[in-house]
Amino acid sequence: MALRTTAVLRSSLRKWAYNLSGFNKYGLHRDDCLYENEDVQEALRRLPQHVVDERNFRMIRAIQLSMTKTILPKEEWTKYEEDKLYLTPIVEQVKKERKEREEWEKEY
Amino acid sequence: MSSKVLATPLIRHVTTRGYAQTAPAVKRDARIQSCVLPNKTFVAALDNGSPVARVTIAFKAGSRYEPQSELGAAHLLRSAAGLTTKNASAFIISRKLAQIGASFSASGDREFIYYTIEATQDHLQQAIEHLNNLVSNQEFRPWELSDNIPRLRYDLAALPPQVRAVDLLHKAAYRRGLGNSLFISPKKIGKISSESLQHFASSTLTPGRCAVTVVGDSQENATLVAQALQLPSGTEAQSDASKYYGGELRKEMGGDLAHVALAVQGAPAGSPQSLALAVAAKALGSGPVTKWGADNTPIAKAIGNIGPFAAAGFNVSYSDNGLFGVVLSVPKDEANAAVKAAGNLLKNANLSADAIKAGKNQLKLQVLSEAEQGTSLAESIATQGFYTGAVKSPSDIAKDIEQLSNSDISQALTNAAKNKISMGAAGNLTLVPYVDEL
């Protein structure tokens with residue numbers, strides 16, 4: 001019972017923090033905000049084209065909104081439940097491959 | 001002083017013992033052993049004591065099994081060998097192979113694909129492990145396939161026009177199945193998706209279509225290699241029996257030379273006719289035997305003195321069909337006469353006993369010298385396993401060649417000549433006659 005309460009509490013805490021961070025008001029997803037280092041660039045190359053297109057659209061829309069100092073109407077905000085991590089798993093894979101490479105270079 | 005050291009009894013004892021222990025040279029009787037595993041994988045091994053071991057894993061996954069909507073999948077499959085699989089990443093595969101000094105190659109023909117690894121005996125176990133990682137559970141990640149596109153373009157750009165002519169000849173002769181090109185068409189590059197390649201691989205790289213051959217190690221180890229493979233077992237790709245239609249295809253490419261391949265229907269692999277036609281192909285001639293020397297072969301005599309040209313007889317046999325004919329490269333202005341002469345020779349082939357004898361000797365030399373090269377031996381053992389389910393040693397094949405009589409060969413030749421001629425031509429075709437003008 002206690003465990004369940006904690007789980008519920010944790011997810012609502014997450015949701016609260018998510019809404020507080022504010023990027024969802026621009027219609028962005030979490031993975032749109034990743035800093036584009038080399039790993040992320042490689043991961044982006046591996047995405048199917050339509051996913052990249054959607055991401056670019058969200059980013060351009062966010063820049064436009066930011067320039068006009070407005071945010072989306074509330075019903076268009078990204079919801080926590082709808083924010084799927086489309087890039088992070090691929091970034092993790094890229095990182096793993098890089099680690100493997102570095103490990104090898106160190107040994108031989 | 002130093003000479004005294006050798007005089008001590010202990011050392012003398014050791015040296016004499018050492019010499020006495022030298023093992024007498026034993027003549028090893030290397031025989032090819034083969035069997036079929038319960039999962040229908042064909043396994044063969046030749047333990048010839050070579051310091052370099054070769055392991056070939058072959059599949060019935062050549063271009064004849066490509067679906068008509070995905071032509072070029074076989075080329076893509078062989079080009080994708082060494083990319084990341086579920087078991088290991090492309091990076092680790094290549095580095096680890098380099099570390100043990102092994103060499104890996106993937107090659108293919110119209111019926112089969114061969115994954116072959118060469119390694120020294122002391123690193124053989126590791127090499128086999130990497131080979132297993134390479135072949136099992138291939139993933140074909142889309143971004144790796146798109147990174148691989150320049151290699152496909154290079155393959156195509158590096159194709160000699162003679163190869164194109166023979167490829168067109170197959171297309172003309174069989175249309176589908178065996179007629180499928182060995183190479184992806186430039187328009188299909190990048191258009192075959194990872195999913196369709198995965199589908200092609202999972203329907204062709206199955207245990208029932210697999211042969212494992214080892215040259216330089218024991219049969220038990222070959223069986224272990226076969227059992228360790230993690231292969232999908234699903235619906236298998238089917239290929240219709242290849243029918244010989246006959247026809248002609250030409251590809252105008254410009255240049256100074258015309259490359260023409262002419263052929264009639266040959267015999268399927270494993271049949272005595274196919275061996276007879278192989279002798280006949282050699283007897284027709286394969287260029288001068290000395291460098292810059294005179295070409296005195298029947299085909300060269302038939303074409304006559306038209307300036308520099310190259311002509312050779314050829315015979316290919318597949319599991320249910322074959323082609324027998326000639327390939328020639330001639331200067332564009334002499335193409336008309338030369339191609340007509342070659343066509344005539346093919347229709348009314350009449351080989352003298354001397355030519356047949358020379359052909360037999362040349363074919364024997366070719367069979368035996370190819371057997372000296374371990375990689376081609378490992379691959380040809382796999383091919384034989386697929387075609388006939390049994391393996392003949394190269395010396396047995398040489399004996400079979402010797403036993404062919406002249407009448408067998410002329411008979412096979414006349415039977416083949418009854419069929420319609422097919423033609424594939426590439427290069428400058430201004431004066432090359434069409435096949436019905438031969």
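Throughout, a chain's letter reflects where its sequence line sits, starting with A, and its residues are numbered from 1.
A salt bridge does not link K96(B) with E107(A): every distance from a Lys NZ or Arg NE/NH1/NH2 to an Asp or Glu carboxylate oxygen is 4.0 Å or more. In summary, D147(B) and R46(A) do not engage in a salt bridge, as defined by a charged side-chain N under 4.0 Å from a carboxylate O.
At a 4.5 Å heavy-atom cutoff, the contact between Q99(B) and chain A is made by side-chain atoms alone.
Taken from CG in L44(A) to CH2 in W143(B), the straight-line distance is 12.5 Å, to the nearest 0.5 Å. Note that CD of E97(A) and OG1 of T84(B) are 6.0 Å apart. Values are rounded to the nearest 0.5 Å.
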side-chain contact (heavy atoms from CB on, under 4.5 Å) assessment of E100(A) paired with F91(B)
CA-CA 9 Å; E100(A) 181 183 59; F91(B) 173 81; 4.3 Å; yes
Decide salt bridge (charged side-chain N to carboxylate O under 4.0 Å, His left out) for R95(B) and E105(A); before the verdict, give the C-alpha distance in whole Å, the side-chain angles of both, and the deciding distance to 0.1 Å.
CA-CA 10 Å; R95(B) 292 303 166 95; E105(A) 302 296 348; 3.2 Å; yes
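Within a 6.0 Å radius of CZ in R45(A), more than 12 heavy atoms belonging to other residues, nucleotides or ligands are found. Annotation: H123(B), atom NE2; neighbour count of heavy atoms from other residues, nucleotides and ligands within 6.0 Å is above 12. A 6.0 Å sphere centred on CD of E81(A) holds more than 12 heavy atoms belonging to other residues, nucleotides or ligands.
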